[in-house]
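Remarks on the structure that follows.
Note that these values count all heavy atoms, side chains included, but never hydrogens, waters or copies made by symmetry. The chains referred to below are lettered A, B, ... by the order of the sequence lines, with proteins before strands, and numbering in each begins at 1.
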Amino acid sequence: MHKRILQRALHNLQQQNPNTIIQPILLDSSTCISLIKQCKSIKTLKSLHALMIRSHLHTNLFFSTNLITQYSSLGSITHAYSLFSSAQASDVFLWNVMIRCFVESSSYERAVGLYCRMKEYGVRPDNYTFPYVVKACGHLRDVKLCRVVHGDVVEFGYEYDVFVDNSLMTMYGRCEQVGVSRQVFDRMSERSLVSWSAMIGAYAQNGFYKDGFALFRKMLSERIKPNRVAVLSVIPCVSSETDADEISRVIVEHRLDSEQSIQNAAMLMYSKCGRIDIARRTFEKIPNKDLIAWSSMIEAYAQADMPIEALDLLKQLKLQRIQLDYVTVLSVIRACSSLASLRQARFIHGFITKGSFQNELVLETALIDLYVKCGSLEYARKVFQRMQKRNLVSWSTIISGYGMHGRGREALDLFDQMKETEKPDHITFVSVLSACAHAGLIAEGWSCFNSMTKDFGLTPMSEHYACMVDILGRAGQLNEARVFINNMPIKPESGVWGALLGACRIHSNVELAEFAAKSLFELDPENPGRYVLLSNIYRSMGKREEADRIRALMKQKGVRKDPGHTIIEVKNKMYKFVVGEKSNPQTELIHKELDILMERIRIEGYVPDTNFVLHDIEEEMKEKMLYLHSEKLAIVFGILNSSPGSVIRIKKNLRVCGDCHTATKFISKVTEREIVVRDAHRFHHFKGGECSCGDYW
DNA sequence: GTAGGGTTAG
């Protein structure tokens with residue numbers, strides 16, 4: 001009976017005919033609350049609200065708080081706030097509700113602002129106020145503000161409230177103050193499972209994976225039973241297959257293995273530690289895969305650098321007519337950027353344009369990055385120019401794009417434009433400084449580096465110092481680079497030494513190279529590139545024994561050199577070339593054509609640089625070896641299989657070899673082809689015998 | 001009416 005009356009009243013409201021509602025129903029308070037909660041649109045809620053005003057019910061605190069909450073959850077924070085403003089504001093409950101509404105609608109500044117007003121008003125915050133306010137502060141990532149609110153927590157006597165403490169830990173975690181989170185955790189007299197999860201989550205979000213994992217183990221040892229959320233918090237801390245297996249056992253033991261959220265997280269966990277096969281098996285075992293399961297698997301493939309498999313999953317998704325969202329598309333984009341296929345990028349762009357996805361700004365930014373990585377700055381620029389809205393991330397993306405393509409001046413112009421509306425952050429400066437490095441803009445690099453602190457109050461991090469070392473080093477200012485590193489106020493990370501070592505390769509400085517390598521082998525002992533670089537420096541200076549010693553060291557430490565390869569897409573198919581590739585069906589033709597091409601460029605003045613051959617063999621043989629480099633094979637294959645005059649795009653997994661760089665310049669001249677080469681660091685555009693990098697690389 | 005949490009652009 002009661003339900004029927006309610007339904008009728010609601011129906012009348014939806015018909016915008018509130019007068020037909022029988023007054024006595026509304027006088028019943030539980031009916032009224034039910035009605036408020038059942039309103040599915042602002043319009044209906046407004047009618048009900050009007051009716052309540054006529055019945056003088058709106059002044060009732062309980063009704064107003066319900067109305068405020070409903071307005072807010074229907075998306076109208078404006079209506080919610082206007083109602084709050086007109087209500088009697090002496091009750092802490094009402095303030096709490098309004099602050100919560102601001103937090104839930106992500107208006108964190110307004111939440112904190114309201115909290116301040118509340119105190120000015122003389123309303124004392126209670127144990128319910130702080131979790132909301134603390135959450136808002138965490139999202140604002142303002143450490144000073146966090147400290148002030150934490151002070152209030154202590155002042156008002158909620159320092160030992162488990163809810164407040166749990167939110168404090170998360171707050172400090174969000175502002176990169178994980179040490180303070182831990183202080184809160186240690187000081188707590190009573191801890192709930194949420195406290196442990198919050199602390200583990202704070203470690204995870206800040207990259208303190210070992211600490212997070214250790215705390216999870218400690219929690220288990222104290223016989224605290226983990227639930228779904230606790231396991232989800234520790235999963236990002238997993239860094240090895242052993243860790244992953246350990247977590248898997250915990251999952252099974254506590255019967256959490258049928259939770260889909262756990263299965264989804266487990267896929268990424270295994271893909272992160274190199275077991276994409278287990279990730280895929282987990283995915284296959286999920287009975288009713290939801291969209292997040294599909295997105296997670298696509299993301300797992302993206303992380304494992306398996307774009308073909310990611311695209312294949314997208315195809316299957318479409319076949320099953322599952323409606324995908326922008327998150328799925330983002331994962332597909334990320335997966336494809338390593339493919340470097342402009343055709344694929346165009347396809348995804350079309351796909352996005354045809355569908356209607358949320359978060360346009362985010363998708364467009366991802367698309368800009370994709371076009372950049374597929375070698376088309378032109379398309380990237382077009383997407384950027386057509387954007388309705390831009391933010392810090394989209395500006396940084398396009399700036400980094402220009403930088404990677406060696407167009408430093410334009411990157412700096414964009415940076416100047418950006419500063420009119422956005423405040424650059426650490427990542428923006430990495431983009432700008434590396435743009436300067438790639439283009440050899442020394443003075444501009446210095447000026448940007450200094451401006452970071454002077455104009456924007458940012459403290460340079462190791463990456464920024466690495467860019468500066470790169471700038472100085474490439475320009476041959478090796479001593480300046482060494483002094484610069486010595487004067488660093490923070491400990492140089494491997495990137496800094498790596499930049500120095502790279503500069504030593506260009507400018508043949510063995511002594512400094514050894515100095516840089518010493519630190520590198522400590523900081524980054526697993527990275528094969530560092531060993532290869534040092535060994536090559538020795539070899540190019542004729543120090544064969546030292547070179548062999550480094551190779552032996554590599555072997556001894558079990559570090560394996562990544563085999564170099566080049567990928568090219570021809571007629572919708574990807575072809576992979578390694579040194580001396582013979583499996584390609586056109587091998588014979590490629591070699592014939594290569595011989596002819598090499599003769600043609602020799603006449604134009606190409607001289608092979610046998611420094612780039614590692615083995616100790618006769619000079620003539622060395623030249624032959626150079627001919628067989630994967631870059632050259634791929635380019636010739638491209639020339640043979642594309643129409644005259646079309647652009648050839650190749651992708652090398654390591655840095656492009658110096659001799660291939662020189663040869664490609666000549667090839668672009670004699671064949672009148674534009675050749676775009678993506679390597680591990682940047683792009684080279686070859687045209688008419690020149691490269692966009694101006695040999696500055 | 002309170003805290004932790006599965007995919008997510010540089």
Taking the six-membered ring for Trp, are the ring centroids of F163(A) and Y158(A) within less than 6.0 Å of each other? no
Any N/O donor-acceptor pair, N227(A) side-chain to dG4(B) base, under 3.5 Å: yes
Any residue of residues 289-296 of chain A with a heavy atom less than 4.0 Å from an atom of DNA chain B: D290(A), I292(A), S295(A), S296(A)
Determine if W196(A) stacks with dG4(B); use a centre-to-centre distance below 5.5 Å and an interplanar angle below 30° as the criteria. no
Does the dG1(B) base have a donor-acceptor partner in the side chain of T65(A) within less than 3.5 Å? no
Could you list by number each residue of residues 362-381 of chain A showing a heavy-atom separation from DNA chain B of less than 4.0 Å, or answer none if no residue does? V362(A), T365(A), D369(A)
Within residues 164-172 of chain A, the residues having a heavy atom closer than 4.0 Å to DNA chain B are N166(A), S167(A), T170(A)
Residues touching DNA chain B, which here means a heavy atom under 4.0 Å, drawn from residues 253-261 of chain A: Q260(A), S261(A)
If you look only at pairs with a residue in residues 154-170 of chain A, which of them pass as a salt bridge (charged side-chain N to carboxylate O under 4.0 Å, His left out), with sequence neighbours excluded? E159(A)-R187(A), D165(A)-R187(A)
Checking ring-ring contact (aromatic ring centres under 6.0 Å, His included) between F84(A) and each of W95(A), F102(A), Y71(A), which is the one that passes? W95(A)
Got a sec, which pairs hit salt bridge (charged side-chain N to carboxylate O under 4.0 Å, His left out) with one end in residues 419-432 of chain A, sequence neighbours left out? D416(A)-K419(A)
Closest approach to the side chain of S192(A), judged atom by atom: which nucleotide of dG10(B), dA9(B), dA3(B) is it? dA3(B)
